[in-house]
Engineer: 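Following this message is one structure expressed as structure tokens.
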Amino acid sequence: MLIKILDDIFTNCEFSKNEVLFGEYACCFYHNPLKSDFFILLDKDEITLDELILLEKSGFNELDGILKQHGAINEAYSKNATLILCIKNT
């Protein structure tokens with residue numbers, strides 16, 4: 001539900017959307033070239049504390065490399081990127 005709401009917000013604010021393969025996560029990359037804003041939305045139904053620690057230690061660098069290969073980023077990306085991590089709370 002939250003993912004759909006966030007997707008609608010980004011779409012209505014004229015962000016382009018790119019789905020990116022990133023392990024077990026659903027990953028969408030949003031970019032508004034007129035504002036140089038970047039948002040990375042990661043979604044996973046269940047995540048353990050160990051997975052969060054691994055994501056923080058090496059996963060973000062791996063994701064950054066994937067996004068750079070994707071080619072949709074520019075020099076403003078490193079200063080204007082926001083990560084949104086959505087985890088289902090049961």
Side-chain angles (χ1 to χ4, degrees):
M1 180 71 133
L2 178 60
I3 301 301
K4 174 72 173 127
I5 293 169
L6 290 171
D7 186 64
D8 289 345
I9 290 170
F10 290 126
T11 301
N12 289 334
C13 292
E14 299 180 359
F15 280 77
S16 63
K17 176 183 176 182
N18 295 300
E19 293 185 23
V20 179
L21 295 176
F22 182 61
E24 298 176 5
Y25 295 90
C27 180
C28 295
F29 177 69
Y30 298 90
H31 175 229
N32 186 329
L34 299 176
K35 298 180 182 178
S36 294
D37 290 328
F38 302 86
F39 289 89
I40 304 159
L41 180 60
L42 287 180
D43 180 33
K44 188 172 182 192
D45 283 341
E46 295 181 20
I47 191 165
T48 65
L49 179 58
D50 289 338
E51 287 176 305
L52 281 174
I53 291 169
L54 184 61
L55 186 63
E56 192 264 331
K57 284 185 177 180
S58 61
F60 295 134
N61 287 333
E62 181 183 340
L63 178 58
D64 187 55
I66 291 168
L67 293 174
K68 287 179 180 174
Q69 287 178 343
H70 195 270
I73 62 174
N74 60 29
E75 64 278 351
Y77 165 77
S78 63
K79 294 183 181 180
N80 296 326
T82 301
L83 174 70
I84 302 171
L85 179 59
C86 298
I87 304 169
K88 183 178 180 181
N89 186 9
T90 55

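The first residue of the sequence shown is numbered 1, and numbering continues consecutively from there.
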Engineer: Hey, does L54 have a side-chain heavy atom less than 4.5 Å from the side chain of D50?
Structural biologist: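 In short, these two side chains do not touch, never coming nearer than 4.5 Å.
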Engineer: How far does SG of C86 sit from CG of D45, to the nearest 0.5 angstrom?
Structural biologist: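 If we round to the nearest 0.5 Å, C86:SG and D45:CG are 11.0 Å apart.
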Engineer: Looking at CG of D43 and CD1 of I84, how far apart are the two atoms once the value is rounded to the nearest 0.5 Å?
Structural biologist: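 One gets 11.5 Å once the value is rounded to the nearest 0.5 Å.
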Engineer: Would a single hydrophobic cluster contain both F60 and I53, if residues Ile, Leu, Val, Met, Phe, Trp and Tyr are joined by side-chain heavy-atom contacts under 4.5 Å?
Structural biologist: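 I53 does not cluster with F60.
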Engineer: Nearest 0.5 Å, what's the CD-CG distance between E14 and D37?
Structural biologist: 12.5 Å
Engineer: Could you tell me which residues satisfy ring pair (Phe, Tyr, Trp, His ring centres under 6.0 Å) with F15, sequence neighbours excluded, listed by chain and number?
Structural biologist: F10, F39
Engineer: Just verifying a value: how many Å separate H31 NE2 and I40 CD1, rounded to the nearest 0.5 Å?
Structural biologist: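 With rounding to 0.5 Å, NE2 (H31) is 11.5 Å from CD1 (I40).
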Engineer: Examine the side chains of Y30 and D7 and answer whether a donor and an acceptor come within less than 3.5 Å of each other.
Structural biologist: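 Y30 vs D7: donor-acceptor pair found between side chains.
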Engineer: Who passes ring pair (Phe, Tyr, Trp, His ring centres under 6.0 Å) against Y77, sequence neighbours left out?
Structural biologist: F38
Engineer: Distance check, rounded to the nearest 0.5 Å: L41 atom CG versus E19 atom CD?
Structural biologist: 10.5 Å
Engineer: Say whether F22 and L85 are linked into one hydrophobic cluster, either directly or through other cluster members, by side-chain heavy-atom distances under 4.5 angstrom.
Structural biologist: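 Same cluster: F22 reaches L85 through Ile, Leu, Val, Met, Phe, Trp or Tyr contacts under 4.5 Å.
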Engineer: If I compare all heavy atoms of N61 with all of K57, which pair ends up nearest, and what's the gap?
Structural biologist: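 Between these two residues, the closest heavy atoms are ND2-O, 4.4 Å.
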Engineer: For the residue pair E51 and E46, what are the closest heavy atoms and their distance?
Structural biologist: OE1-O, 4.0 Å
Engineer: Starting at SG of C27, measure out to CD1 of I66 and round the result to the nearest 0.5 Å.
Structural biologist: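 That separation rounds to 7.5 Å.
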Engineer: Between L6 and C28, is any pair of side-chain heavy atoms under 4.5 Å apart?
Structural biologist: no
Engineer: Check the pair L63, Y25 against side-chain contact (heavy atoms from CB on, under 4.5 Å), reporting the backbone distance first and the verdict last.
Structural biologist: CA-CA 11 Å; L63 178 58; Y25 295 90; over 6 Å; no
